[in-house]
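Quick caveat: nothing in here was measured; it's all calculated off a predicted structure. Protein chains get the first letters and strands the later ones, always in sequence-line order, with residue 1 at the start of each.
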Amino acid sequence: MSDAAEFPADDRPAVRYGPELANQIERHWQDRWALDGTYHAPNPSGELLVGIGTDELVERPKLYVLDMFPYPSGTGLHVGHPLGYIGTDVFARFKRMSGFNVLHAMGYDAFGLPAEQYAVQTGQHPRVTTEANIATMRRQFRAMGLGHDDRRSVATTDVSFYLWTQWIFLQLFDAWFDVEAGRARPIAELVGEFESGARLVVDDTHPEGRRWDELSPLGRRAVIDAHRLAYLDEAAVNWCPGLGTVLANEEVTAEGRSERGDFPVFKRNLEQWKLRITAYAERLIDDLDLIEWPEPIKLMQRNWIGRSEGARVTFEVAGEAGLAVEVFTTRPDTLFGATYVVLAPEHPLVDGLVTRAWPQDTPSSWKGAGSSAMPDAPTGGWPTPAQAVAAYRRHTSATSDLDRQIDDRDKTGVFTGAFAVNPTTGDAIPVFLADYVLMGYGTGAIMAVPAHDTRDFEFATTFDLDIVEVVAPPPAWFAGHDLEPSATADQWPEAFTGEGLATGSSNDEISLDDLPTPEAKAAITEWLAAIGAGELAVTYKLRDWLFSRQRYWGEPFPIVYDEHGLPVALPASMLPVELPEVDDYAPTVLDDDDESLPAPPLGRATDWATVTLDLGDGPKAYRRELNTMPQWAGSCWYYLRYLDPTNDDAFVDPEVEAYWMQGARSDGAPTFGGVDLYVGGVEHAVLHLLYARFWHKVLFDLGHVSTPEPFQRLFNQGYILAPAYRDSRGVYVEAASVTGDEASGFVDPAGNPVLREYGKMGKSLKNAVSPEDVYDEYGADTLRLYEMSMGPLDTDRPWSTRDIVGVHRFLQRVWRNLVDEATGESRVLEVEADDALRRLLHQTIDAVTTEMEALRFNTAVAKLIELNNALGRVVGPLGGTPVEVADALVRMLAPLAPHIAEELWSRLGRDGSVVWAPYPSADPALLVTETVSVPVQVDGKVRARLELAAGLDPAGAEAAALADERVVAALGERTVAKVVVVPDRIVNIVTR
RNA sequence: GGGCGCGUGGCGGAAUCGGCAGACGCAGCGGACUCAAAAUCCGCCGCCGCAAGGCAUGAGGGUUCGAGUCCCUCCGCGCCCACCA
C-alpha cells in the first residue's frame with residue numbers, strides 16, 4: 001500500500017474490484033435501495049400495505065426475522081457488534097429470494113444508564129444524546145448494507161412507543177391470575193365473582209372466607225390490589241446505593257453486586273412495584289417444550305425458575321398452642337432425622353417465638369457467644385433470646401450479599417429459646433435463626449436434617465446439635481470415607497445426601513424403614529396429609545419481578561395515588577404520561593451505610609408530581625408515581641410494534657399481528673411463537689428472554705396476541721474476540737498501537753513489552769476495530785463476507801485483520817470472471833456451460849441452499865469460492881463466463897454480498913433488483929453422477945480408489961474391489977474373511 | 001461445590017447419518033510473468049521418512065468390519081448457577 005505512489009496508477013486495470021470501486025458501488029446501491037424502498041415488507045392491511053411484494057402477498061408465506069435490538073451507544077459500532085445483524089440480514093435476503101414475505105427491521109433499546117449518566121455530567125437532555133446516537137447507528141447499519149424495513153424502526157424512548165409500554169402496564173395492573181384456570185383474566189371478572197358471591201374473600205385472618213359486602217370500600221380495594229399482576233409490595237429489595245436505585249434479582253451478580261457498575265447491593269425494605277411473574281412459573285417451564293431454542297438456554301431458564309417438588313410440613317411450637325412453623329422440604333422422607341428447625345432472620349414469626357429467658361443449660365454458643373457474626377456479644381452470650389435475636393438481625397441486615405460470601409460460608413445463627421415438635425417423633429427440637437435460610441424461598445423456614453444435608457451438617461457441627469441417620473448410605477460410601485458400616489451419623493465426616501433405604505424412621509402409626517427414597521417420600525407425605533401436618537408442595541426459586549427504578553430516563557408509570565395513598569390507574573385515554581423536564585437528572589447516590597429512602601429524580605418536577613384529575617368522581621388532587629420502569633420494559637414487546645409501528649389505535653392491529661405472528665410455517669409444522677428466527681447474544685438467556693416471554697403470555701391470556709410464545713426459534717450468535725494487550729501494570733494498551741509478534745514479543749509505542757491475551761472486542765479491552773477501517777481497505781461486502789466466513793455463527797471467533805484479504809480476493813475473482821477489468825465490459829457469454837461446469841454449478845446450488853437454510857454461512861461461502869475457482873479455470877480458454885453460471889452465481893452471492901451482486905446483476909442487463917430475484921434452484925437430474933469414486937479398505941486402511949458406476953450393487957462392488965491389483969497386492973497371503981460394502985460409499989475387506 | 005458445553009495442521013475452520021480426516025481461507029514454500037517490485041496466475045503445503053511405508057482429531061481404554069463422530073476414565077479450556085432446603 002505504502003509503495004503505491006511509486007508506481008503509475010494506470011499500471012492497474014481501470015475497472016478492478018478494489019476498495020475504491022467497492023465503496024463507490026456500495027454507496028450507489030444503498031442510495032438506490034433507500035429511494036426504491038427495496039426492503040419494505042408489505043402488511044396485509046393498514047398503512048404499511050404497500051411494499052415491493054404486495055402483489056404476491058397471498059402466495060408468499062411470511063417470515064419474521066428478528067435481532068435483539070441494540071442500545072444506541074455514543075461510541076458507535078465496532079466490527080464485533082454486527083455479527084448477528086449480518087447473519088439475520090443474509091438469512092432474510094436468502095428467504096426473500098426463496099419466495100417469502102420477510103419482515104426484518106431494527107429498533108433501539110434507548111432508555112438506560114449511559115444516556116442518563118451523560119446527561120448528569122453535561123446537563124444535556126438524554127433525549128438529545130439518544131437521538132444523535134440513534135442517527136449514528138442508523139448510518140452505520142446502512143453502510144453495512146443491512147436490508148431493514150426502515151419504516152418499522154422504533155425506539156423505546158419514542159413517546160408514541162412508550163405510550164403503549166404504559167398501556168401494557170395497565171393491562172398487567174388490570175389483570176389477575178386465576179390459579180384454577182391457569183391464566184390471567186381481567187380484574188373486572190374477579191370483582192364480578194366477588195360481587196355475585198361466586199367467590200369469597202379468603203385471607204389469613206378469615207381462612208373460611210368472607211362475603212364481598214362484609215368488606216369496607218377500602219378493604220375491597222386492598223383485596224383487589226393484592227390480586228393484580230402489577231402490585232405494590234413492601235418487601236426486602238436489592239438496594240444499590242452506588243446507583244441510587246433498586247434492582248431486580250436478575251440484575252444482581254452472584255457476588256452480590258450490581259450487574260451494571262459493579263456496586264455493592266444491600267437488602268432493604270421498600271414499597272415498590274412488582275410484576276407477578278411467579279404465577280407463570282409453571283407455564284414458563286412447560287412451554288419451553290414448544291419452542292426451538294438451544295438446549296443450554298432452555299436449561300438456564302429452567303434453572304433460574306428453579307422448580308422443586310417436595311412437601312410443606314407443619315411443626316407445632318412446643319408449649320405455644322396455635323403457634324406453628326411451616327417448613328418446605330424436598331426430602332420429607334428424612335423427617336424422622338430433623339433435629340432442629342431454622343428460620344430466616346427476617347421471618348415474621350420470630351417475634352412471637354422468642355422466649356423471655358434462655359432455657360436451662362443453653363450452651364453459650366447458642367446465645368451468640370464467640371460468633372463471627374456478633375463480635376459485640378458478651379462472653380457467655382447475650383443475656384436474653386430477644387437480645388441475641390436482635391443482635392443477629394442487625395448483623396444480617398447490615399451485611400451485603402457480598403460480605404456473606406466473604407464470611408466463607410461459616411455457618412452463623414442464634415437460638416430463639418423456643419422448641420418445635422417433630423411431628424413424627426414427638427421430640428421437642430430447638431428453633432434457630434440463621435442466614436443460611438433465605439426468607440424469599442419456600443416458607444423461609446426449614447427442618448434441619450444434619451445427617452443428610454450438607455448445610456445442616458455444617459451448622460449442626462458448629463452448634464453441637466444431634467445428627468441422626470435416617471437414610472442408609474451404601475457400603476461404598478462408608479468405604480470411601482474409611483468408615484465401618486456400623487459408624488453412627490455423629491462419626492461421619494460429612495452428610496450423606498444421596499438416596500437410599502430409609503432407616504430409623506418409624507413410630508406407632510407409620511414406618512418408612514427399608515423403603516427407597518421416592519417411596520418413602522410418597523408414604524410420609526400421605527401420612528402428613530392424613531394427620532393434617534403437611535402436604536405436597538412445589539416451590540420455585542423465581543421471585544416476582546421488581547419493576548420500580550429510581551431513575552429519570554425510563555418510562556413513567558401511568559399511576560397516581562389518591563388521598564388514601566392507594567394507587568389508581570390512569571385511563572388509557574390519558575396516555576401517554578410523558579417524562580417531565582427536570583433540572584437535574586441525577587439519581588440520589590448514597591453511601592453504603594446511608595439509611596435514607598431513595599428519592600427518584602422525577603420528584604424534582606414538583607409541578608408534575610402532583611396533579612388534579614377527574615377520574616370519574618370529580619376533580620381531585622393526586623400524587624404521581626415518581627419511579628420509572630426498568631430498561632427491560634420496552635424490550636419485552638418491541639417485536640410486536642415492528643409489525644404495526646404507525647398504529648395510533650392499538651399497540652398492534654389484530655389482523656396484522658395474526659399475519660406475522662401466526663402465519664403458517666413453510667414446513668407445515670405447528671408454531672407456538674410468532675417470530676420465526678430470533679438472533680442475539682447468550683447474555684440475555686434469563687433476563688430479557690424470560691421477561692419478554694412473561695409479558696407475551698399475559699398479552700396472550702388477555703387476548704391481545706395470538707401465540708403463547710413470542711419467539712419460535714432462538715439462535716445465539718457467538719462473540720468476536722480480538723487480541724488485547726496489557727502492560728506491566730496490568731493496564732490495557734490500545735491494541736492498534738502495539739507492534740511486534742509472537743516470536744520477538746509485543747511492545748507498546750514507547751517500546752515497553754506488553755502481554756497478549758484474547759477477549760471480547762470492545763472499549764474496555766481497548767481492542768475494538770471500527771467497520772470504517774475495513775471499508776477503507778476492502779469495502780462493506782468484504783466485511784460482511786469475512787464475518788460470515790470466519791466460522792459458525794454460534795461460536796466465538798478471533799478477529800484477524802490479516803485473514804480478511806482472502807474473501808476480498810474471492811470477490812475480486814468473481815468480478816474478474818464476469819467483468820473485463822481493463823474495459824469494464826461484460827465477460828458474460830451467451831453460450832452453454834459444458835457438462836462438468838454445469839454439474840458443479842447445480843451441485844453448488846444444492847449445497848449452498850442447504851447451508852443457507854441452516855445458517856451455516858461459512859460453508860456456503862466455501863462452496864461459492866470452489867465454484868468460482870473452477871469457473872476461473874474455464875474463463876481463460878472460453879474467453880468469458882457462460883450466462884447460466886454468471887446468473888446463478890450472482891443470485892447466490894446476493895444475500896452475502898448484496899452490493900457487488902446488485903452491480904453485477906445490473907451489468908448482466910437484468911431488470912429490477914437482485915434482492916427480489918428468485919434464488920436459483922438445482923436441477924435434480926444434474927446432481928446424480930454416472931460414476932462415483934469409492935475407496936477400498938483392507939482391514940480399515942484405504943488401499944485403493946475405484947471409479948464405479950453409481951448405484952452398483954454390493955456384489956458388483958465387491959468383485960471390482962477384489963479384482964483390483966492394488967487390493968490384491970495389499971491382501972498378499974491373507975485370506976478374506978468378510979467384505980463390507982456400503983453402496984457408493986466404501987468397500988472394506990476384512991481378513992481377520 | 002453443582003450443571004452444561006468444547007478440545008482436529010503454524011492459524012481460522014471443514015467432515016450434516018459411524019464410512020476417503022484436514023473442504024475453503026490465512027500464513028508459509030517453490031515456479032511463471034517482470035530489468036525489478038507490486039498485482040495476478042500455476043504448483044506444493046498434518047507429522048516422521050530418501051522412499052516404501054508408518055503415525056495422526058487432548059490422554060488412556062472400550063464397542064464396531066470401520067470411530068474426530070458412540071460408551072467409560074482422566075487431563076485441559078469455556079460458560080452458567082451457586083447456602084434455593
message: Just confirming the chi classification of B:G66, syn or anti, using 90° around 0 as the syn window.
response: anti
field: Chi class for B:C35: syn within 90° of 0, otherwise anti
entry: anti
Between [atom2] of [N] and [atom1] of [X], the distance in whole Å:
X        : N     : atom1 : atom2 : answer
A:Tyr758 : B:C11 : OH    : P     : 11 Å
A:Arg16  : B:C41 : CZ    : P     : 8 Å
A:Asp453 : B:G2  : CG    : P     : 15 Å
A:Arg312 : B:A85 : CZ    : P     : 14 Å
A:Met790 : B:A27 : CE    : P     : 15 Å
A:Arg813 : B:A39 : CZ    : C1'   : 13 Å
A:Trp799 : B:C26 : CH2   : P     : 15 Å
A:Leu690 : B:C81 : CG    : P     : 13 Å

message: With hydrogens left out and only the distance checked, is there a donor-acceptor pair under 3.5 Å joining A:Asp803's side chain and the base of B:C26?
response: no
Nearest-angstrom distance, [atom1] atom, [N] to [M]:
N     : M     : atom1 : answer
B:U8  : B:A85 : P     : 37 Å
B:A59 : B:C42 : P     : 37 Å
B:A23 : B:C45 : C1'   : 15 Å
B:C17 : B:U64 : C1'   : 16 Å
B:A52 : B:C48 : C1'   : 14 Å
B:C70 : B:G7  : P     : 10 Å
B:G10 : B:G22 : C1'   : 14 Å
B:G31 : B:G13 : P     : 33 Å

Where the side chain of [X] is defined as all heavy atoms beyond and including C-beta, which of [options] is the nearest nucleotide?
X        : options             : result
A:Thr330 : B:C83, B:A85, B:A27 : B:A85
A:Trp304 : B:C81, B:G3, B:C26  : B:C81
A:Leu299 : B:G19, B:G3, B:G25  : B:G3
A:Val805 : B:A27, B:G19, B:A85 : B:A27
A:Pro792 : B:G13, B:C65, B:C42 : B:G13
A:Pro296 : B:A85, B:C65, B:C4  : B:C4
A:Val990 : B:C65, B:C81, B:A14 : B:C65

- prompt: How are the rings of A:His688 and A:His684 set relative to one another: parallel (under 30°), tilted (30 to 60°) or perpendicular (over 60°)?
  reply: perpendicular
query: Taking the inter-plane angle between the rings of A:Phe463 and A:Phe432 on a 0 to 90° scale, is it parallel (under 30°), tilted (30 to 60°) or perpendicular (over 60°)?
result: tilted
Taking any heavy-atom pair under 4.0 Å as a contact, classify [X]: base, sugar-phosphate, or nothing.
X        : answer
A:Ser800 : nothing
A:Asn303 : nothing
A:Thr329 : sugar-phosphate
A:Glu295 : nothing
A:Arg307 : nothing
A:Thr795 : nothing

- prompt: For RNA chain B, which ranges pair as stems of 3 or more consecutive Watson-Crick or G-U pairs, with both donor-acceptor distances under 3.5 Å?
  reply: B:1-7 with B:75-81, B:10-12 with B:24-26, B:28-32 with B:40-44, B:46-48 with B:53-55, B:58-62 with B:70-74
- request: Please confirm whether the backbone N or O of A:Gly791 pairs with a side-chain atom of A:Thr795, one donor and one acceptor, at under 3.5 Å?
  value: no
- request: Would you mind checking if A:Glu346 and A:Arg393 are paired as a salt bridge, meaning a charged N to carboxylate O distance below 4.0 Å?
  value: no
field: CD/A:Glu965: more than 12 non-hydrogen atoms of other groups inside 6.0 Å
entry: no
Over 12 foreign heavy atoms within 6.0 Å of CZ, A:Arg966: yes
query: Does a donor on one side chain sit under 3.5 Å from an acceptor on the other, for A:Ser789 and A:Asn858?
result: no
message: Looking only at side-chain N and O atoms, does A:Thr396 offer a donor or acceptor that is under 3.5 Å from a partner on A:Asp435?
response: no
Distance test, side-chain N/O of [X] to OP1/OP2 of [N], below 4.0 Å:
X        : N     : result
A:Arg985 : B:G18 : no
A:Gln812 : B:A39 : no
A:Lys941 : B:C55 : yes
A:Arg302 : B:C4  : no

- request: Go through the steps to decide whether A:Val538 and A:Arg307 satisfy the test side-chain contact (heavy atoms from CB on, under 4.5 Å), and finish with yes or no.
  value: CA-CA 7 Å; A:Val538 174; A:Arg307 181 183 199 276; 3.7 Å; yes
message: Judged by each residue's nearest nucleotide on RNA chain B, which is more toward the 5′ side, A:Met300 or A:Ile989?
response: A:Ile989
- prompt: Between A:Val980 and A:Arg816, which has a closest nucleotide on RNA chain B that is more 5'?
  reply: A:Arg816
field: Summary of salt bridge (charged side-chain N to carboxylate O under 4.0 Å, His left out) pairs that have at least one residue in residues 785-799 of chain A, sequence neighbours excluded
entry: none
Evaluation steps, side-chain contact (heavy atoms from CB on, under 4.5 Å), between A:Tyr778 and A:Val805: CA-CA 8 Å; A:Tyr778 300 107; A:Val805 70; 3.9 Å; yes
message: Let's see if you get this right: which residues in residues 855-872 of chain A place a heavy atom under 4.0 Å from RNA chain B?
response: A:Arg856, A:Asn858, A:Thr859, A:Ala862, A:Ile865, A:Glu866, A:Asn869
message: Could you check whether A:Tyr17 and A:His808 have their ring centres less than 6.0 Å apart?
response: yes
- prompt: Which one of A:Tyr786, A:Tyr758, A:Tyr719 satisfies the ring-ring contact (aromatic ring centres under 6.0 Å, His included) criterion with A:Trp799?
  reply: A:Tyr786
